[in-house]
Amino acid sequence: MAGQTYNVTEDKNRKKFYVLNMFPYPSGAGLHVGHPLGYIASDIYARYKRLQGFNVLNPMGYDAYGLPAEQYAIQTGQHPAITTEQNINRYREQLDKIGFSFDWSREVRTCEPGYYHWTQWAFQKMFGSFYCNKCQSAQPIEKLIEHFEHEGTANLDVAQSEELTFSANEWNAMSDVEKQQVLMNYRIAYLGETMVNWCPQLGTVLANDEVVDGVSERGGFPVVQKRMKQWCLRVSAYAQRLLDGLDTIDWTESLKETQRNWIGRSEGTEMQFKVAGSDIEFTIFTTRADTIFGVTFMVLAPESELVKQLTTPDQQAAVDEYLTYVKKRTERDRISDRKVTGVFSGSYAINPFTGDNIPVWISEYVLAGYGTGAIMAVPAHDSRDYAFAKHFDLPIIPLIEGADVSEESFDAKEGTVMNSPAAGKTALDGFSLNGLSVKEAIAATKKFVTEHQLGRVKVNFRLRDAIFSRQRYWGEPFPVYYKDGMPQMLPEECLPLQLPEVDKFLPTETGEPPLGNAKRWAWDTKTKTVVDNSLIDNETVFPLELNTMPGFAGSSAYYLRYMDPHNDQALVSPEADEYWQSVDLYVGGSEHATGHLIYSRFWNKFLFDLGVSRKEEPFQKLVNQGMIQGRSNFVYRIKDTNTFVSLGLKDQYDVTPLHVDVNIVSGDVLDLEAFKAWRPEYATAEFILEDGKYICGWAVEKMSKSMFNVVNPDMIVEKFGADTLRLYEMFLGPVEQAKPWDTNGIDGSHRFLKKFWNLFWNKEEFAVTDDEPTAAEMKSLHKLIKKVTEDIEVFSYNTSIPAFMIATNELSQLKCQKRAVLEPMVVLIAPFAPHIAEELWESLGHTTSVCDAQWPAFEEKYLVEDTMKMMVAFNGKTRFSIDFPADADNATIEAAARSHELTPKYLEDRQIMKVIIVPKRMINIVMK
RNA sequence: GCCCAGAUGGUGGAAUUGGUAGACACGAGGGACUUAAAAUCCCUUGACCAGUGAUGGUCGUACGGGUUCGAUUCCCGUUCCGGGCACCA
């Protein structure tokens, strides 16, 4: 084992297999037993594939940029690079103890210039690209410029922030800065003034997936909406491809569903509404075009630009007051108290189908960021509109036959349409939906709207562009400088732009990001070097970007970098990429479903468009390992005393439950001396015991320091060995499932390994003979091969291990010491318990590593049962069973039946009419 | 509210295609070895009923129905737990 490496090269003579774990953020707390779960599962798979002859890439690295190191730096002044380095060393030490087969020569760290070179490079490429909807691909921005020079915005079908209209002449007449501003509207990485999630406590903006329930995911601080100029990635351009790609990959249905929800495709209609008494026209988006005859009011988002235009002078004061109120509310407020608020704008819109005047309201329940920020409200068939109409006493017109809308709206898309138009009224061009089903009505309305140019069919996505700036120090710097207020990219050959030194990691006094503290953070365009800020003259020396990139930047393409980690000419060479293609098995937590797993799919699709990545989807199969929860222990202190009472007796006293360190509890029995030594205040503790023991209470909680339920893998390895830890983690339950850690059961796994060992070791020496194995021994072996092979393929390791245990028990009873049986068993156990396998392999007289052995193939002939069972059942019950030889013919079966109770008399007595023999397991069915 | 995935002994969980439910392990109880302890090994362990006993019977996979000779498995409905999305029009 010593000195063995698992380093691989692109060996074209062998088939490749790429196994990947989500790389960890090296936190100061080190690994607990939950972290290695996924690594163990994927390591088993990697070792299995290697034994099958695959060239397996199984790399590991560190997602090294992150908030905790920066916050530690702010508190202590310790440079985050130092903290990160220390934590990485600790992680490596812990990982090495568990015996993973990682190719450490390919290790990456996102914070190293050699790595983030390519993060910056990809960002620059995104800046230099736009998204063409027609060819569904990213294209160089030069192509767009060419289009503008010839046609302006005519015949343009591209992803954009706003729909702009200008002619070729207008474009050509623009100044350079104006052109730059226009292009920003189309770039895939763009500087955009948008509403962002601003977290004042963290002093930075956050992406949508970093905000949970209106507070920051890290720290749980309030988040407010703020208009800011930030770098953004046009992820939304890829929405349809991100959705379609899900059908091509082997992920769990629930994870795909989560991504589908997040992408939020919705097919609907955009319709234009004119404003009464003016030539203003505005557009709304609806999925229920069929409800156009039930519209009784319109609603604008408070942030909508239309608010200014549509507010009448006599409503101005009320509207202003409302806008002030809305501005004060944080995201959290809006979620927690969902009260109905709003104000009338004073204007009326005209229903294009009926000509009716409809009041236009303003309310925060309409979101500026989705659709057009304006809706048509149909209170009868939308619960939100219904609540609004009830609150402000607006009319409600039911449109579905039989729907009772006196108490609540009827939101379901079913039923027969009525009142469309209402009796005695006529709509534009005699249009009517009455009598149609809702589905038909939606289709008919879409058709009518398109033909009469009242609007268009439109697909909307909930997926927002990713905000890509963070006001932090410990992240990738943008390779960007500013000239005339417009961002300029550093020349490609000047990358990487290295993170500068600062003396303070906090924002500057003027509120600029931490990089504002850097003294040497200016770009000299002549020498193409970073120079002192004092040299900035805005002619040849310019200020550099002060924001840094977010956490997901470095993790978005690391799987490509592992293919060719030391290449300083390219992110990945075409040769390496051609060989490794994409990740075959990706293992990690499902908490990344809407973050990393969306961003890296987007990032990879962009690189695919560029021709850098050969596969459109980066991760073919994905397995989410479940979280390992902690199992906390409690002691019960009698109030106002230092006396602790055992679990069974606690109800007789008035007690306070207190968390106790699980490491001084064994099988829920407290180690009293260790408890007294645990904390000074317990040194004089007294105990009320039951049966001479102190029994602790327990509960399943998140594994965390504060609950004293963190179990460190190092301790397990020290006590039982890495193989026991590996085996036990797999035996705990299905890999995908969340489950509590319970050290109690670990003895079983440990005992099994000892038993396995004792198949070879007869207390004095390794004893294995070259005798031919018996059929029974071969059967035991081949059943095991089949079971383990199939289980590994579908990742159900927890059922594989019992198979080992059964086989081991069977063979130990057979006093098996046959080489032909034991050698394959060692190979089989090798993925699960590599250390013991390696030692046994050597003891069997092999000079090569067990990794060079071949995974055994099972032979069908040993699997066939020698006896079959015939089951006799009637009245829904199995009555008895008869054994007979497996190769029996019908006469033999009949004879077997007759020799038992299944005689004609038996059948007659029970009024059994007929016996059916079905194939498969030869089960007999007896019918009355 | 919408969507997805679940529910099996005291516990974690097996049963992969509809075919003897509860593999394997933990825990518990009993026993062997031992001066003793540790270690190891063996037996019992879903519930209930009958029997001294071997054993036999009934019930039993959240709940209520259905399909089937036969359902943990398939279908319909209900309850509960977990996850995702959520003023997304």
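By convention in this document, chain letters (A, B, ...) are assigned in the order of the sequence lines, proteins followed by strands, and residues within each chain are numbered from 1.
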Please verify the inter-ring angle class for A:His596 with A:His592; under 30° counts as parallel, over 60° as perpendicular, anything in between as tilted.
perpendicular

Please report, rounded to the nearest Å, how far the [atom2] atom of [N] is from the [atom1] atom of [X].
| X | N | atom1 | atom2 | value |
| --- | --- | --- | --- | --- |
| A:Glu810 | B:A23 | CD | P | 15 Å |
| A:Asp791 | B:G13 | CG | P | 16 Å |
| A:Gln259 | B:A86 | CD | P | 14 Å |
| A:Leu753 | B:C24 | CG | P | 18 Å |
| A:Gln737 | B:A7 | CD | C1' | 11 Å |
| A:Trp757 | B:U40 | CH2 | P | 16 Å |
| A:Met730 | B:C24 | CE | P | 22 Å |
| A:Phe720 | B:A39 | CZ | P | 10 Å |

Please state the [atom1] separation for the pair [N] and [M] - nearest whole angstrom.
| N | M | atom1 | answer |
| --- | --- | --- | --- |
| B:G12 | B:A89 | P | 40 Å |
| B:G9 | B:U44 | C1' | 15 Å |
| B:C80 | B:A25 | C1' | 28 Å |
| B:G22 | B:U45 | C1' | 12 Å |
| B:G57 | B:C3 | C1' | 47 Å |
| B:U61 | B:A47 | P | 15 Å |
| B:U72 | B:A62 | P | 9 Å |
| B:A14 | B:A28 | P | 23 Å |

Quick check against the 3.5 Å criterion: does [X] have a side-chain atom that pairs as donor or acceptor with the backbone of [Y]?
| X | Y | result |
| --- | --- | --- |
| A:Ser409 | A:His381 | no |
| A:Thr296 | A:Pro395 | yes |
| A:Arg464 | A:Gly369 | yes |
| A:Asn197 | A:Val223 | no |
| A:Ser363 | A:Tyr365 | yes |
| A:Arg601 | A:Leu242 | yes |

So if I apply the side chain to side chain contact (heavy atoms under 4.5 Å, CB included) rule between A:Leu255 and each of A:Val623, A:Ile249, A:Thr594, A:Leu622, which one comes out positive?
A:Leu622

Here's a test for you: under side chain to side chain contact (heavy atoms under 4.5 Å, CB included), which of A:Thr286, A:Asp290, A:Thr291 qualifies with A:Ile442?
A:Asp290

Side chain of [X] (C-beta onward), nearest among [options]:
| X | options | result |
| --- | --- | --- |
| A:Arg462 | B:A89, B:A86, B:A25 | B:A86 |
| A:Met805 | B:C87, B:A14, B:C24 | B:C24 |
| A:Glu790 | B:U16, B:C41, B:A86 | B:U16 |

Determine whether the aromatic ring centres of A:Phe795 and A:Tyr797 lie less than 6.0 Å apart.
yes

Indicate, with a heavy-atom threshold strictly under 4.0 Å, whether [X] touches base, sugar-phosphate, or nothing.
| X | result |
| --- | --- |
| A:Lys754 | sugar-phosphate |
| A:Leu367 | base |
| A:Val378 | nothing |
| A:Ile806 | sugar-phosphate |
| A:Lys339 | base |
| A:Lys787 | base |
| A:Asn798 | sugar-phosphate |
| A:Pro740 | nothing |

Grab the N/O contacts between the protein and nucleotides 3-5 of chain B below 3.5 Å, and write none if there aren't any.
| from | atom 1 | to | atom 2 | distance (Å) |
| --- | --- | --- | --- | --- |
| B:C3 | O2' | A:Glu257 | OE2 | 2.8 |

Go nucleotide by nucleotide along RNA chain B from the 5' end; which of A:Gly733 and A:Ser590 gets its closest nucleotide reached first?
A:Gly733

The single option from A:Tyr728, A:Phe720, A:Phe756 passing ring-ring contact (aromatic ring centres under 6.0 Å, His included) against A:His750:
A:Phe720

Please identify each residue that fulfils salt bridge (charged side-chain N to carboxylate O under 4.0 Å, His left out) with A:Glu790, with sequence neighbours left out.
A:Lys786

For A:Asp671, what residues pass the salt bridge (charged side-chain N to carboxylate O under 4.0 Å, His left out) criterion, not counting sequence neighbours?
none

Which dot-bracket string describes RNA chain B (Watson-Crick N1-N3 plus N6-O4 or O6-N4, or G-U N1-O2 and O6-N3, all under 3.5 Å; [ ] crossing; | other strand)?
((((.((..(((......[....)))((((((.......))))))(((((....)))))..(((((..]....))))))).))))....

Table of protein N/O atoms under 3.5 Å from nucleotides 26-29 of chain B N/O atoms:
| from | atom 1 | to | atom 2 | distance (Å) |
| --- | --- | --- | --- | --- |
| B:C26 | OP1 | A:Arg751 | NH2 | 2.1 |

Taking ring-ring contact (aromatic ring centres under 6.0 Å, His included) as the test, write out the residues that go with A:Phe731, two or more places apart.
none

Using only modelled atom types and a 3.5 angstrom limit, is any donor from either the side chain of A:Lys739 or the base of B:U11 paired with an acceptor on the other?
no

Using OP1 and OP2 only, check whether a side-chain N or O of [X] sits under 4.0 Å from [N].
| X | N | value |
| --- | --- | --- |
| A:Thr799 | B:U16 | no |
| A:Arg260 | B:G84 | no |
| A:Tyr365 | B:A89 | no |

Kindly label the base of B:G31 as syn or anti, based on whether its glycosidic torsion lies within 90° of 0.
anti

Using a strict threshold of under 4.0 Å (side-chain N to carboxylate O), is an ion pair present between A:Lys256 and A:Asp250?
no

